[in-house]
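Take a look at the structure set out below.
Heads up: numbering here begins at 1 and tracks the sequence. First listed ligand is number 1; within each ligand, the first listed atom is number 1.
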Amino acid sequence: GQSIRIAIAGYGNLGRGVEAAIAKNPDMQLTGIYTRRPPSQLQPRLEATSVYSMEALSGHAGKIDVLILCGGSKEDLPQQGPELAALFNTVDSFDTHARIPEYFASVNGPALANRKTALISAGWDPGMFSINRVYGEALLPDGATYTFWGKGLSQGHSDAIRRIPGVAGGVQYTVPVQDALEEVRQGSRPTLTTRQKHTRDCFVVLEPGADPEAVKNAIVTMPHYFDEYDTTVSFITEEALRREHNAMPHGGLVIRTGNTTEENTQVVEYSLKLGSNPEFTSSILVAYARAVHRMHQAGQYGAKTVFDVAPGLLSAKSPEQLRAEDL
Ligand SMILES: NC(=O)C1=CN([C@@H]2O[C@H](COP(=O)(O)OP(=O)(O)OC[C@H]3O[C@@H](n4cnc5c(N)ncnc54)[C@H](OP(=O)(O)O)[C@@H]3O)[C@@H](O)[C@H]2O)C=CC1
Ligand SMILES: N[C@@H](C[C@H]1CC(C(=O)O)=NO1)C(=O)O
């Protein structure tokens, strides 16, 4: 049938990834990129991609089936999510876990009032890891769940660093504590605090004249991002950032160890090894855009999470094909 018309709001790592992911999905077409910067400033991946200013977006509501929000979770999505869910069916990757309940409510109101479908917090964590945490708990009620990330580049934490006054650029790597990972792998089901599972290493380029101590303090005390972790902050040049920190690999795993009887232990593991965090995340957002389009057509309005999406809706295959080929 008619291809699904996708647009991108915000053109950073995710925006570029969504542009690439759409090209891998023949049932979808990219109608345009919308940016808060002057459109002429952007070099889209694909020459043919139309770039518009964000102001043009409201006038284009009739030609977009799903708008994928690629802004930063720290400051962009809290404003753009609720605003755009009033006008479009949306998918976003909001990942400030502690704030998801309030964000869900802020998006649900405008989406319901305007009979739109808004999927929040898609991606891999939150997203695919969330689904596997729920599978683990539901399938093995007597057990323990562990999530480990990295070593890799967290886009959410890198975005949060870049929003600090005086910061010109920066990245954050998440490092799992090997001993903790080993303890879990040996099945001893340890109780581990946030601080015992990961450390965070930040590399920051300062604006001229910025105070390193003030920036370092703003990072290590940042609620929901760094305050519960042992965090290092290193100051580097713009040149070093470009040369040594332009790859965005990541990965991680969700482990559920449980007992179905006293004598039988079961272990479920879901793991990711990502060459590019943004491209993988974007590929997930595009698959969920297919589901959101179908959920909207079925009259399922309001804010949704990945817990509300039947897996079959993600696939380009028909239910009949899925039953015949993948069950
Ligand atoms: N749930 C999950 O598993 C995951 C979630 N995420 C989330 O995705 C969010 C976005 O990540 P990411 O795409 O890496 O963020 P970026 O920093 O690359 O982009 C964020 C926004 O900043 C603006 N921007 C981008 N580049 C520039 C630039 N050179 N100059 C000025 N503005 C710029 C863009 O808006 P505009 O075009 O309007 O200027 C863009 O939408 C993260 O904050 C994170 O929370 C990321 C990975 C996984
Ligand atoms: N949301 C994360 C995706 C994963 C990575 C992560 C971390 O390293 O803390 N937490 O969740 C991101 O923005 O990259």
Considering only non-hydrogen protein atoms, determine which one is nearest to atom 9 (O) of ligand 2 and report residue, atom name and distance to 0.1 Å. R200 NH2, 2.9 Å
With rounding to the nearest 0.5 Å, note down the distance linking CG in L84 to CD1 in I64. 9.5 Å
For S73, is at least one N or O under 3.5 Å away from an N or O on ligand 1? yes
Minimal non-hydrogen separation, K74 against A160, with atom names: CD-CB, 4.0 Å
Pairing of R45 and E279 as salt bridge, 4.0 angstrom limit: yes
When you compare ligand 1 with C70, is there at least one nitrogen or oxygen pair between them that comes in under 3.5 angstrom? yes
Is the backbone of L46 close enough, under 3.5 Å, to the side chain of T49 for a donor and an acceptor to pair up by distance? yes
Minimum-distance protein heavy atom relative to atom 36 (P) of ligand 1: T35 OG1, 3.4 Å
Please check whether W124 reaches ligand 1 - meaning an N/O of the residue sits under 3.5 Å from an N/O of the ligand, judged on distance alone. yes
May I ask you to say whether D125 pairs ionically with R133, meaning some side-chain N is under 4.0 Å from a carboxylate O? yes
Out of D125, L272, T174, N277, whose heavy atom is nearest to atom 2 (C) of ligand 2? D125
Using the test side chain to side chain contact (heavy atoms under 4.5 Å, CB included), find all partners of Q321 that sit at least two apart in sequence or belong to another chain. K317, S318, E325
Identify the heavy atoms of G156 and D95 that sit nearest to each other, and give their distance. CA-OD2, 3.8 Å
Hphob cluster co-occupancy, M28 + V292, side-chain heavy atoms under 4.5 angstrom: yes
Take every heavy atom of A122, measure it against each atom of ligand 1, and state whether any distance is under 4.0 Å. yes
What protein heavy atom lies closest to atom 5 (C) of ligand 2? Include the residue and the distance to one decimal. H250 NE2, 3.4 Å
From the options G12, G169, G71, select the one whose nearest heavy atom is closest to atom 10 (C) of ligand 1. G71
For D95, the ligand 1 atoms with a heavy-atom partner under 4.0 Å come out as 5 (C), 6 (N), 7 (C), 44 (C), 45 (O)
Just to be sure I'm reading this right: ignoring hydrogens, which of R36, R163, Q41 gets closest to atom 23 (C) of ligand 1? Compare them by their nearest heavy atoms. R36
Output for pair (H293 NE2, I4 CD1), nearest 0.5 Å, gives 5.0 Å
Given that the side chain starts at C-beta and the backbone is N, CA, C, O, which of these parts of T281 lies under 4.0 Å from ligand 1, counting heavy atoms, or is it both or neither? side chain
Starting from atom 18 (O) of ligand 1, which protein heavy atom do you reach first, and at what distance in Å? N13 N, 2.9 Å
Determine, using ring centers only, whether W149 and H250 are less than 6.0 Å apart. no
Electrostatic pair E213-K216, nearest N-O below 4.0 angstrom: no
Closest to atom 12 (P) of ligand 1 among E75, M128, Q155 (heavy-atom distance): Q155
Structural part of W124 in contact with ligand 2, heavy atom criterion under 4.0 angstrom: side chain
What I want to find out is whether R36 reaches D76 closely enough, with some N-O distance under 4.0 Å, to be called a salt bridge. yes
Do Y173 and F203 have ring centres separated by under 6.0 Å? yes
Tell me whether the rings of H198 and F148 are parallel (<30°), tilted (30 to 60°) or perpendicular (>60°). tilted
Quick check on contacts: which atoms of ligand 1 are under 4.0 angstrom from a heavy atom of D159? 43 (O)
Numbered atoms of ligand 2 (with element) below 4.0 Å of H157, judged on heavy atoms: 9 (O)
Return the closest protein heavy atom for atom 21 (C) of ligand 1 as residue, atom name and distance. D76 OD2, 3.7 Å
Do the charged groups of E239 and R242 touch, with an N to O distance under 4.0 Å? no
Hey, is ligand 1 close enough to L14 that some N/O pair sits below 3.5 Å? yes
Starting from atom 26 (N) of ligand 1, which protein heavy atom do you reach first, and at what distance in Å? R37 NH2, 3.8 Å
Run the numbers for me: atoms of ligand 1, each under 4.0 Å from some heavy atom of G123, listed by number. 1 (N), 2 (C), 3 (O)
Residue and atom name of the nearest protein heavy atom (relative to atom 12 (C) of ligand 2), distance in Å to one decimal: Q155 N, 3.4 Å
Is any N or O atom of P126, backbone or side chain, closer than 3.5 Å to an N or O atom of ligand 1? yes
Residues D230 and R195 bridged, charged N to O under 4.0 Å: yes
Near G156, which atoms of ligand 2 are under 4.0 Å from a heavy atom of that residue? 12 (C), 13 (O)
Nearest to atom 16 (P) of ligand 1, what protein heavy atom do you find, and at what distance? R162 NH2, 3.8 Å
Is the shortest N/O to N/O distance between N277 and ligand 1 below 3.5 Å? no
Within the structure, does S93 bring an N/O atom to less than 3.5 angstrom of an N/O atom in ligand 1? yes
At under 4.0 Å between heavy atoms, which part of S158 makes contact with ligand 1: side chain, backbone, both or neither? neither
Does the pair R189/D142 count as a salt bridge with the N-to-O cut at 4.0 Å? yes
Under 4.0 Å from a heavy atom of D95: give me the atoms of ligand 2 that qualify, with their elements. 1 (N), 2 (C), 12 (C), 13 (O)
Does only the side chain of I284 get under 4.0 Å from ligand 1, or the backbone, or both, or neither? Count heavy atoms. neither
